[in-house]
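For reference, the structure is listed below as structure tokens.
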Amino acid sequence: MTMKFEPSDLDGVAGMLVGLDGPSISRDYLFNLFCRQAKFAEVATLNDKYMALSYTVRDRMLHRWIHTAHAYFERESRTVAYLSAEYLIGPQLASNLLSLGIYEETEKALGQLGVKLDDLIEHEEEPGLGNGGLGRLAACYMDSLATLQIPAIGYGIRYEFGIFDQQIREGQQVEATDSWLRYGYPWEVRRPEIELVVKLGGHTEGHVDESGRYVATWIPGRIVKGIPYDTPVLGFGVENANFLRLWQAVAVEALDLAAFNAGDYFRAVQQKVASENITKILYPNDQPEVGKILRLEQQYFFVSCSLQDMIRIHLQRDQSLDRFHEKYAVQLNDTHPALSVAELMRLFVDEHGMEWEKAWGITTRTFGYTNHTLLPEALETWSLPLFRRVLPRHLEIILEINRRFLETVRARFPDDEGRISRMSLIDEHVPKSVRMANLACVGSHAINGVAALHTDLLKQTVLADFAELYPARFSNKTNGVTQRRFLLLANPRFSALLKEVIGSGWIRDLTQLNGLEPYATDPAFIERFQALRRLNKLELARRIKESCGVEADVDGIFDVQVKRIHEYKRQHLNVLHTIALYQRIKEGRAAGMVPRTVIFGGKAAPGYHMARLMIRLIHDVADVIN
């Protein structure tokens, strides 16, 4: 007898197992403490308690996730595939409690067991899988897509070590390893049954088949495997859940047994070490050549795994790839995943025997590209010899894309060799290099900046030639934030006031904050708002005192700049302004000045000398002023 499983068949049982009431949460917390952590309450560490609660919460998330995945499968839903080398998803426990609507119930249930929820939230390690805005934007998109009930998968890299932990010694930044996985990560689900092969290096061999078609064969220098780890992403106020799929690199053979038995223990694990290095750390220092090679391998590894995974899923329901672009809308978050254009062409043409023109039509209808920078020097390029060494077949494909593309440009703008030089996917100046932003523009049907001004300037400056050739491809998508994390979760006092005066609609629709406008001149509201601000400032002042030993005046201005330390982010101008204010005080010109506490936060890339000097300058100025 054949039985068909429906997730609804387990609804009754699952309801008993993953109840949202206090007693169910208490019961499952104790179960996970005993059966997952193998501890009883009296000897359980803070981490044991955190893990037990996290698994309790995750069980409830999985219930939603499986239902959502089954619904998408049944409907053959078109899916957004968001490709990003960075994801700063933040701590998950409190956010997931809010999305499930069980924050208060959980706090009460734990309290009855003598456990403080705030302690567990404070204990949580954050996955540092990004540098700043680009990674946070990716996380915000995943949150919004789930809340809007749009099917989506976020693809990226499961870095074993994230962005470094920062220590300050004698005013200088010292980097320490970010071992965010040392105690395990309860929110992810490993998928060992999905193993995808990724080729690297080597050379290509070509021949003409019996039909007269040129066929290229890539003979790789080495092969690594990719295994995915999935983290569910809940929508707020809905039953929907999407997920983040992060790839880990592993060796095809973890141990060379012959070498081990011969006593050559280093060679026995050499392949394992070389393979796992690909996903070892977020953005290895690319000053040396080996660092550049590793970064290019990282980018290709996650791009190849992700596209192979999409094709694998697509072929579960459709024997042809002709409608691939109708199944997936793939968004490139900056140029780190721009290799996707060449890789999808390789998969279509080399692996699935598709004709070039047909493959290119599907490819360009699949991709969209988000640009993040106006600085020409920040647009990613790879030297031609290095690119050929790591990805020989992809260089051939890019050269063919470029040949065909430049024919189009010449037909449209004859005798304009300056334009040809600027738009070429290859920078012909010595040393020659591959221009990734140009590849992304040519291979995408939609291109956007991240603010109206930014998009306008893109069309006027670094991408002006592409905007003239493809004006319909350009549009703007303004960066946003998720108010769930940065208001509801981060500022519970003010959130409670908002709910009281304008309701809770703003939690899903930020435009409803316009409802505050009538209160801008309401003395009673202003008084309550100022009182809440002062409470928050008192809390921050206490933290500053504990960590820095500095007394902050809560009745003065808190002048805060927290972001990655970088010349274009202009922390130096803020420091100069601070020095100017200090000079006014020293010269007796302080009349009318409001007390001010200047607060800097941020990390400098390990190899960025000027940014590291900026941190030193900030601390030296602070020493003098304080």
Side-chain angles (χ1 to χ4, degrees), residues 78 80-84 133-134 137-138 141 150 324-326 328-345 348 356-381 397-428 433-480:
R78 192 178 192 212
V80 173
Y82 197 80
L83 267 59
S84 179
L134 183 140
L137 173 70
Y141 269 131
I150 297 172
F324 182 82
H325 59 286
E326 296 176 15
Y328 288 105
V330 182
Q331 192 67 27
L332 309 177
N333 193 24
D334 212 10
T335 54
H336 309 120
L339 280 166
S340 297
V341 175
E343 173 65 359
L344 191 57
M345 287 295 292
F348 283 162
W356 180 280
E357 289 78 6
K358 181 178 179 180
W360 183 245
I362 297 172
T363 295
T364 54
R365 282 177 283 177
T366 296
F367 291 115
Y369 163 49
T370 298
N371 173 282
H372 283 265
T373 184
L374 289 164
L375 301 175
E377 65 273 18
L379 294 175
E380 190 175 37
T381 60
I397 290 170
I398 288 170
L399 291 175
E400 179 61 15
I401 293 171
N402 196 42
R403 182 187 69 79
R404 293 168 181 247
F405 169 64
L406 293 183
E407 284 180 0
T408 302
V409 178
R410 285 193 174 96
R412 175 80 183 276
F413 304 100
D415 303 320
D416 191 343
E417 290 305 311
R419 184 184 298 268
I420 294 295
S421 175
R422 294 191 303 271
M423 297 186 76
S424 173
L425 307 190
I426 307 299
D427 185 345
E428 298 290 349
S433 59
V434 182
R435 295 164 164 162
M436 303 310 290
N438 290 25
L439 176 62
C441 287
V442 173
S444 299
H445 67 276
I447 303 165
N448 69 277
V450 291
L453 178 61
H454 175 223
T455 302
D456 287 342
L457 289 172
L458 275 180
K459 293 190 287 185
Q460 296 167 25
T461 57
V462 291
L463 299 183
D465 294 313
F466 291 96
E468 189 173 358
L469 181 63
Y470 301 125
R473 293 189 183 186
F474 283 78
S475 66
N476 178 62
K477 303 291 181 289
T478 299
N479 268 8

Partners of [X] by side chain to side chain contact (heavy atoms under 4.5 Å, CB included), sequence neighbours excluded?
X	value
Asp465	Arg419, Arg422, Met423
Gln460	Asp456, Leu457
Gln331	Tyr82, Thr370, Asn448

Side-chain donor/acceptor of [X] to backbone N/O of [Y], under 3.5 Å:
X	Y	value
Arg473	Ala467	no
Ser421	Gly418	no
Arg435	Glu380	no
Asp334	His336	no

To the nearest 0.5 Å, what is the distance between [atom1] ([X]) and [atom2] ([Y])?
X	Y	atom1	atom2	result
Ser84	Tyr141	OG	OH	11.5 Å
Leu344	Tyr328	CG	OH	12.0 Å
Leu399	Ser424	CG	OG	9.0 Å
Asp427	Asn438	CG	CG	9.0 Å
Ile362	Phe324	CD1	CZ	9.0 Å
His372	Leu379	NE2	CG	12.5 Å

In chain order, what residues pass the salt bridge (charged side-chain N to carboxylate O under 4.0 Å, His left out) check against Arg412, with sequence neighbours excluded?
none

Residue set satisfying salt bridge (charged side-chain N to carboxylate O under 4.0 Å, His left out) with Lys358, at least two apart, ordered chain then number -> Asp322

Taking every non-hydrogen atom, the tightest pair across [X] and [Y]:
X	Y	value
Gly361	Thr364	O-OG1, 3.2 Å
Phe367	Val341	CE1-CA, 3.9 Å
Leu83	Pro337	O-CG, 3.4 Å
Ala451	Thr478	CA-OG1, 4.1 Å
Ala440	Leu332	CB-CD1, 4.4 Å
Gly449	Leu458	CA-CD1, 3.8 Å

Do the side chains of Val80 and Ile150 get nearer than 4.5 Å, heavy atoms only?
yes

Is Tyr369 close to Val330 at the side-chain level, that is, under 4.5 Å between some pair of heavy atoms?
no

Between His454 and Asn476, is there a side-chain donor-acceptor contact under 3.5 Å, judged purely by atom types and distance?
no

Test side-chain contact (heavy atoms from CB on, under 4.5 Å) on Arg404 and Trp360 and set out the steps.
CA-CA 11 Å; Arg404 293 168 181 247; Trp360 183 245; over 6 Å; no

Chi angles and distances behind the side-chain contact (heavy atoms from CB on, under 4.5 Å) call for Asp415, Arg410:
CA-CA 7 Å; Asp415 303 320; Arg410 285 193 174 96; over 6 Å; no

For Phe474, check ring-ring contact (aromatic ring centres under 6.0 Å, His included) against everything at least two apart and list the hits.
none

Under 4.0 Å between a side-chain nitrogen and a carboxylate oxygen: does that hold for Arg403 and Glu400?
yes

